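Data block below; observations after.
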Amino acid sequence: MQDNYSNVQKSENEVEIEQVGQKISGFFNSILESIFSFFISLWKYKWITLSAIVLGLALGIVLEITKKPSYNNEVVVAANFGSNDYLYSNLKKFSTLRANADSPKDSLLLSKISSIEIEPLQDGYTFILSNYYNLQAFRLLSDRGIDLEKYFKSKMAEKNYRYHSITFKTSVPKDSTEIVINHLLDKLNATTYFNSRMAFEKNNIQMKRNELIKSVEQLNGIFSNFGNATAGVSLNDYSNMEELFMSKEYLLNQINRLEVEQLESSKVIFDIYRNTNAKGFSIPAFLYLPILFVLLLGISLYLYTKYQMFSKKHI
């Protein structure tokens with residue numbers, strides 16, 4: 001009795017598997033049938049198909065000849081001398097900047113720029129260590145249990161970062177895009193106030209660097225005197241050695257930061273990196289339009305054939 005039940009169950013499973021196999025086979029057969037019908041329809045109306053190819057080719061050539069060049073651009077800049085708000089204000093209200101162009105050339109070059117946006121390159125660690133006040137603010141925020149990750153991404157903090165990414169589109173040939181970018185940066189750097197600040201702030205950077213170098217030299221003198229008797233005094237207390245080494249490491253990092261800042265302080269808005277990429281399809285229109293037209297034609301003819309078959313059955 002048990003064997004009979006098992007045989008019946010196996011038979012039912014085999015039937016189900018066979019039915020599933022038939023459905024899968026039917027599905028693939030219907031796809032193949034549709035593909036064959038598609039190409040048969042194209043061949044049946046081959047002159048219309050040829051006309052679609054020629055039309056797509058001709059239209060593609062015309063579009064390639066008449067299309068305006070368009071490129072996506074990114075410029076990474078350093079905002080010097082506290083010019084962050086100035087930079088954001090001008091780019092957020094770029095239409096106003098363009099409307100107040102100083103000359104026809106200025107107006108023409110700015111009109112080639114569209115969809116301009118700016119955002120900070122977030123670097124919380126560098127932001128904290130950039131000066132003493134930021135470090136103290138970091139400690140205060142930590143003591144109050146404020147989520148620092150959210151703070152560094154907030155609108156309040158974003159303008160305080162040194163580096164920012166400016167993205168925009170240009171509608172000029174690629175070899176002329178550099179002219180447009182240079183003009184935009186020259187326009188942003190043409191500020192009397194911040195150029196006046198540049199003159200003395202560059203000296204301040206150099207003075208800070210010199211003071212830090214003196215501090216490092218003093219630490220080096222302390223390190224060289226450990227274990228040696230100098231003027232009758234022997235320095236053998238190693239309890240603060242780790243702190244001294246950490247202080248020297250911090251000073252060296254600050255010197256390196258100031259040297260980079262000094263390098264980038266030749267302009268109010270210093271451009272560090274530029275990238276220009278073509279916008280849109282990389283495939284020429286005279287290649288993809290004929291294929292697109294043929295596909296649309298084939299689908300239309302296939303649907304028309306199906307409609308005729310349906311009409312004959314119901315007339």
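Keep in mind that this is a model prediction, so the values were computed, not measured.
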Can you list the residues that meet the salt bridge (Lys or Arg N to Asp or Glu O under 4.0 Å) rule with [X], with sequence neighbours excluded?
| X | value |
| --- | --- |
| Glu74 | none |
| Asp186 | none |
| Arg98 | none |
| Lys248 | none |

- Message: According to side-chain hydrogen bond (donor to acceptor under 3.5 Å, both in side chains), does anything in residues 171-180 pair up with another residue at least two apart or in another chain? List the pairs.
- Response: Glu178-Arg274
Partner set under side-chain contact (heavy atoms from CB on, under 4.5 Å) for [X], not counting sequence neighbours:
| X | answer |
| --- | --- |
| Leu55 | Phe293 |
| Leu57 | Ile61, Phe286, Pro290 |
| Leu108 | Ser111, Lys112 |

Going by side chain to side chain donor-acceptor pair (under 3.5 Å), name the residues that satisfy it together with [X], two or more places apart in sequence or in a different chain.
| X | result |
| --- | --- |
| Gln262 | Gln206 |
| Asn90 | none |
| Asp102 | Lys187 |

- Query: With sequence neighbours left out, which residue pairs that include part of residues 288-304 fulfil the salt bridge (charged side-chain N to carboxylate O under 4.0 Å, His left out) condition?
  - Reply: none
